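Just so it is clear, the model here is predicted, and its values are computed rather than measured.
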Amino acid sequence: MDIETVSPLWDGELCSVRFDRETGAWFVIAVHSTRLGPASGGTRAMVYPSVGDAVADATRLATAMTTKMAVAGLPMGGGKSVIALPAPRAELGDERWRRILRIHAANLDELGGTYTTGPDIGTSSADMDVLRETTRFAFGGSAATGGPGSGAPATALGVFTAVRAAVAEAGLGDGGVAGLRLLVQGLGAVGARVAELAAEAGAELLVADLDPQRCAAAAARGARVVPAAEVTRTRCDVLLPCATGGLIDARVARTLPCAVVAGSANNQLADSDRSGHDAPDHEGAALVLARRGIIYAPDFVANAGGAVHIVGREVLGWTEDQVTRRTLEIGATLRKVFADARAYGITTEQADHALAARRLADAA
Ligand code: NAI
Ligand code: PHE
């Protein structure tokens, strides 16, 4: 994707791009909105097809963070960092990775707190510890250094809460998942924990990951492994996208064999314009799912547990119990989104955006 194609479509406040010749890494920081407070959002480090794709990902994800913070009632704006790596992390070597983190820390300092970061795909609490050696603007450091750790466990709890609310909305039971077939795509920090919660609650568990070891570990605990390429064609009650985003476009939505979609991945729907409205000439995935009666728990709501954890612990001084209580409120928020979608004949994504827009307007 060309950078010239991406930027004019974006309504954010700032997007910085930096290249480091020595490591070959590109650094993108996107600040979408600071209306509710300083922007915050994780750092994603991975290989991208082009710099334009990295900018597109950062800007889309930053926009999603604005909605997420607003709907979760957190006094923060939306931002995101993307580090486009020259090679997969495992091939970079520790010295090159450390230099990359040093430069990212310097970029964060340059913004002076307008944007703070935390772990996301490709970065961990240990990486936040390294950032914190030279900047104050990295959250979610490890417990060993006095930090609150990554938000993955809280994210998983929130996703599981969202699954229960969505299952009830779909009429599949009273909110329990016992006996229902749940398919978890992505067994990383969040997905693996959601899978555990689902299995403990008596669900029939299907899993998929590109990493055969992660699949084998889940299979050893009784899950059935599905090929990664088959997740959108495998019959299940609930599909939980917990890998990278963009799994479901309109074409996939037309044949998706499930009753509920609720997962942690940011930007699960590939083709809506993230303002909640499909382009006029285009029936996007959210609308197709709604027309087919598939209940979609918008990712901005379902995966807010990580943001609640990071912002709660680092900015608002909450205890873990307070974080848990606020994370469980995701269930009530989703029930409101579902009720609004039903009442106004709109998609759940549109209902969620309307909720965010009201909160942002109130703050203005
Ligand atoms: P992770 O990097 O720990 O795990 C991602 C997993 O997905 C890996 O096991 C990877 O092998 C797998 N994967 C990647 N592509 C796949 C594919 N096509 N098919 C099957 N498996 C695939 O990431 P983490 O932290 O678990 O996050 C998962 C998603 O949730 C991401 O989209 C992230 O942005 C989102 N999220 C994470 C939060 C957190 O606190 N960690 C908070 C909110 C959202
Ligand atoms: N990266 C996670 C998310 O997308 C957690 C996070 C939230 C990290 C807020 C930093 C700040 O929600």
Side-chain angles (χ1 to χ4, degrees), residues 1-7 10 12-32 39-62 65 78-142 144-145 147 149-152 186 188-189 210-211 243-246 265-267 306 310:
M1 187 178 282
D2 288 341
I3 197 163
E4 293 86 348
T5 324
V6 180
S7 349
W10 193 54
E13 292 176 12
L14 174 143
C15 182
S16 74
V17 181
R18 176 175 174 180
F19 178 62
D20 175 49
R21 200 184 302 267
E22 198 174 313
T23 56
W26 287 87
F27 301 81
V28 184
I29 297 183
V31 172
H32 177 252
S40 198
T43 297
R44 183 170 284 195
M46 53 189 255
V47 176
Y48 283 86
S50 71
V51 185
D53 286 289
V55 171
D57 209 22
T59 50
R60 248 193 324 251
L61 289 162
M65 288 307 294
K80 202 88 178 186
S81 322
V82 158
I83 304 177
L85 301 174
R89 166 73 185 89
E91 295 168 22
L92 283 178
D94 286 347
E95 208 175 303
R96 222 159 147 208
W97 178 239
R98 233 184 136 71
R99 177 178 166 87
I100 286 170
L101 291 177
R102 280 276 180 272
I103 293 171
H104 187 37
N107 295 339
L108 293 169
D109 265 350
E110 199 68 45
L111 291 177
T114 301
Y115 165 74
T116 51
T117 199
D120 197 82
I121 291 183
T123 60
S124 62
S125 280
D127 297 322
M128 296 304 122
D129 292 344
V130 176
L131 293 176
R132 290 176 73 90
E133 287 169 10
T134 53
T135 182
R136 291 185 288 131
F137 304 122
F139 294 153
S142 67
T145 63
S150 116
L210 298 177
D211 180 340
T244 46
N266 282 302
N267 295 350
I310 295 279

Subject >> Ionic contact status for Asp109 with Arg136, cut-off 4.0 Å >> reply: no
Original post:
Lys80 and Ala58: which non-hydrogen atoms are nearest, and at how many Å?
Top reply: CB-O, 3.8 Å
Original post:
Rounded to the nearest 0.5 Å, what separation is found between the CD1 atom of Ile103 and the CG atom of Leu108?
Top reply: 12.0 Å
Original post:
To the nearest 0.5 Å, what is the distance between OG1 (Thr135) and CG (Leu101)?
Top reply: 12.0 Å
Subject >> Non-hydrogen side-chain atoms of Ser124 and Pro119 separated by less than 4.5 Å >> reply: no
Original post:
If you round to the nearest 0.5 Å, how far is OG1 of Thr123 from NE2 of His104?
Top reply: 7.5 Å
**OP:** Can you see which heavy atom on Tyr115 is nearest to which on Thr117, and at what distance?
**Re:** OH-OG1, 3.0 Å
Original post:
Going from CE on Met46 to CG on Asp120, what distance comes out if it is rounded to the nearest 0.5 angstrom?
Top reply: 10.0 Å
Original post:
Where do Ser16 and Leu14 come nearest, in terms of heavy atoms and distance?
Top reply: N-CD2, 4.0 Å
Original post:
Taking it one step at a time, do Arg132 and Thr145 satisfy side-chain contact (heavy atoms from CB on, under 4.5 Å)?
Top reply: CA-CA 10 Å; Arg132 290 176 73 90; Thr145 63; 5.6 Å; no
Original post:
Shortest non-hydrogen contact from Leu92 to Pro86?
Top reply: CD2-CG, 3.9 Å
Original post:
Any ion pair linking Arg98 and Glu133 (charged N to carboxylate O, less than 4.0 Å)?
Top reply: yes
**OP:** State which residues pass salt bridge (charged side-chain N to carboxylate O under 4.0 Å, His left out) with Asp127; sequence neighbours excluded, sorted by chain then number.
**Re:** none
**OP:** Kindly compute the distance separating OG1 (Thr43) from CG (Leu61), expressed to the nearest 0.5 Å.
**Re:** 11.0 Å
Original post:
Does any non-hydrogen side-chain atom of Arg44 lie less than 4.5 Å from one of Ser81?
Top reply: no
Subject >> Least distance between heavy atoms, Ser40 atom then Thr116 atom >> reply: OG-OG1, 2.9 Å
**OP:** Start with the C-alpha gap between Met128 and Phe139, add the side-chain angles, then the distance that decides, and say whether side-chain contact (heavy atoms from CB on, under 4.5 Å) holds.
**Re:** CA-CA 7 Å; Met128 296 304 122; Phe139 294 153; over 6 Å; no
Subject >> Test item: Leu131 and Phe137 side chains (from C-beta on) under 4.5 Å apart, heavy atoms >> reply: no
Original post:
If you look at every heavy atom in Asn267 and Arg60, which pair is closest and at what distance?
Top reply: ND2-CB, 3.5 Å
**OP:** Rounded to the nearest 0.5 Å, what's the gap from OG1 on Thr59 to CH2 on Trp10? Could you check?
**Re:** 6.0 Å
Can you give me every donor-acceptor pair (side chain of residues 19-31, partner residue at least two apart or in another chain, under 3.5 Å) with its distance?
| unit_1 | atom_1 | unit_2 | atom_2 | d |
| --- | --- | --- | --- | --- |
| Asp20 | OD1 | Arg99 | NH2 | 2.8 |
| Asp20 | OD2 | Thr23 | N | 3.1 |
| Asp20 | OD2 | Thr23 | OG1 | 2.6 |
| Asp20 | OD2 | Arg99 | NE | 3.1 |
| Thr23 | OG1 | Ala25 | N | 3.3 |

